[in-house]
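Worksheet: the structure to be examined is printed underneath.
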Amino acid sequence: MTSTNNPLNKHAIKTHKDYLGDLIGGSLMIKESQIVAELLLKKPSQEEWLDAIVNRNILQKRSDASAKRNAATIKKRIENMPDEYLEQIAFGSTELSTQLMFAATLINSTLLADFMRNVVLDAKRMFRESLDVGDWESYWEDRCRLFPDLANMSDASTYKISQVAFKAIADGGYIETTRSKKLQNVYLLPEVRQLLLSIDREDIIAAMELI
């Protein structure tokens, strides 16, 4: 398999878009992700997908555009996951769903996964109490050297990416809030570890355990 969307493929990153993933699409959206995971388990056709998202508005969004956008972002993150993974998101506890969606987001966005493995882990090893905006700014500058096309993105897009990144990290429980950015410990659930091992993503376990 060579698709960059394949969660088993860890060597498909060729462009800045592959590296960034769909991080700009939004944070973890746990409630919506549980609904989308349940829908994906039914293997819907395109017509059935649109009927559920737009006509029946299962995500309960105020506009069709918002519903489509959120659903598309979540789908990109989890559509290639095994059914067992989707089942745990759809029907597991909030903590389990949250950890699995954070893992899926890291798989989709290697940019965010590398931030966790490098910047957040270093901060914890240095016994820092919190992250700050400067951590992301320095990291982004470094990533722009690795992928120069990132530097060509608009200020509005790069700002939104930073906001979503911190929101995802907060939703995942790694920082108290996006305002304080106070670091917190997260203990990986055994079910999450097992599912990530089953799809050969030890790198994501490392990004989530931070030890």
Side-chain angles (χ1 to χ4, degrees), residues 2-30 32-33 36 53 59 61-81 98 101-123 128 130-181 183 201 203-204 206-208 210:
T2 57
S3 169
T4 57
N5 289 326
N6 179 8
L8 305 183
N9 190 342
K10 294 179 282 189
H11 308 288
I13 296 170
K14 298 177 181 178
T15 70
H16 74 290
K17 290 183 179 179
D18 294 332
Y19 188 63
L20 176 61
D22 194 32
L23 187 60
I24 202 169
S27 187
L28 304 191
M29 299 180 281
I30 302 304
E32 293 90 342
S33 296
V36 170
I53 300 301
L59 300 187
K61 298 299 175 180
R62 293 184 178 180
S63 70
D64 291 351
S66 179
K68 287 180 179 179
R69 184 170 60 251
N70 289 169
T73 294
I74 296 166
K75 185 178 182 182
K76 286 178 185 176
R77 293 173 181 171
I78 64 174
E79 66 179 331
N80 289 306
M81 294 298 186
T98 298
M101 280 311 302
F102 190 67
T105 302
L106 295 182
I107 290 171
N108 177 266
S109 177
T110 306
L111 172 83
L112 185 59
D114 282 348
F115 183 75
M116 293 294 296
R117 275 189 293 265
N118 298 310
V119 181
V120 180
L121 178 57
D122 283 351
R128 286 175 52 189
S130 63
L131 301 176
D132 60 50
V133 174
D135 291 318
W136 181 268
E137 292 174 345
S138 297
Y139 175 71
W140 183 261
E141 290 175 5
D142 181 66
R143 298 299 97 175
C144 285
R145 287 189 284 272
L146 186 63
F147 291 97
D149 285 334
L150 289 174
N152 296 327
M153 298 182 70
S154 69
D155 290 344
S157 292
T158 56
Y159 176 74
K160 183 173 182 182
I161 289 167
S162 69
Q163 294 297 102
V164 172
F166 280 119
K167 181 66 164 60
I169 294 169
D171 287 351
Y174 292 88
I175 55 176
E176 188 176 64
T177 65
T178 55
R179 178 181 288 272
S180 74
K181 298 181 177 61
L183 288 162
R201 295 310 301 244
D203 58 322
I204 300 301
M208 294 179 70
L210 300 180

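All values below come from the heavy atoms of this structure, side chains included, with hydrogens, waters and symmetry mates left out.
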Check [X] against [Y] and note the closest heavy-atom contact, atom names and distance.
X: Ser27; Y: Asp171; result: OG-OD2, 2.7 Å
X: Ala151; Y: Cys144; result: N-SG, 3.7 Å
X: Ala207; Y: Leu106; result: CB-CD1, 4.0 Å
X: Leu112; Y: Ala168; result: CD2-CB, 4.2 Å
X: Val36; Y: Ala71; result: CG2-CA, 4.4 Å
X: Ile53; Y: Ala67; result: CG2-O, 3.6 Å

Just by modelled atom types, is the [Y] backbone N or O under 3.5 Å from a matching donor or acceptor in the [X] side chain?
X: Tyr139; Y: Leu111; answer: yes
X: Ser109; Y: Thr105; answer: no
X: Ser162; Y: Tyr159; answer: yes
X: Ser157; Y: Met153; answer: no
X: Lys181; Y: Thr178; answer: yes
X: Thr15; Y: Lys17; answer: yes
X: Tyr174; Y: Met208; answer: yes
X: Arg201; Y: Ala103; answer: no
X: Asn118; Y: Asp114; answer: yes
X: Arg77; Y: Asp22; answer: yes

Under 4.5 Å between any side-chain heavy atoms of [X] and [Y], yes or no?
X: Ile175; Y: Val120; answer: no
X: Ile78; Y: Met101; answer: yes
X: Val164; Y: Ile161; answer: no
X: Arg143; Y: His16; answer: no
X: Asp122; Y: Arg128; answer: no

request  = Step by step, work out the side chain to side chain donor-acceptor pair (under 3.5 Å) result for Ser66 and Ser63.
outcome  = CA-CA 5 Å; Ser66 179; Ser63 70; 4.5 Å; no

query = Between Met29 and Asn70, does a side chain to side chain contact (heavy atoms under 4.5 Å, CB included) hold up when you go through it step by step?
reply = CA-CA 8 Å; Met29 299 180 281; Asn70 289 169; 3.7 Å; yes

When rounded to the nearest 0.5 angstrom, what is the spacing between [atom1] in [X] and [atom2] in [Y]?
X: Leu183; Y: Ser130; atom1: CG; atom2: OG; result: 6.5 Å
X: Thr110; Y: Ile204; atom1: OG1; atom2: CD1; result: 7.0 Å
X: Thr158; Y: Leu150; atom1: OG1; atom2: CG; result: 10.0 Å
X: Asp142; Y: Phe147; atom1: CG; atom2: CZ; result: 11.0 Å

Do other residues, nucleotides or ligands put more than 12 heavy atoms under 6.0 Å from [X] [atom1]?
X: Lys75; atom1: NZ; value: yes
X: Lys68; atom1: NZ; value: no
X: Asn152; atom1: CG; value: yes

ask   = Can you say whether the rings of Phe115 and Phe166 are parallel (under 30°), tilted (30 to 60°) or perpendicular (over 60°)?
value =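 Phe115 and Phe166: perpendicular rings.
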
message = Apply side chain to side chain contact (heavy atoms under 4.5 Å, CB included) to residues Arg117 and Asp203 and explain how you reach the verdict.
response = CA-CA 9 Å; Arg117 275 189 293 265; Asp203 58 322; 3.8 Å; yes

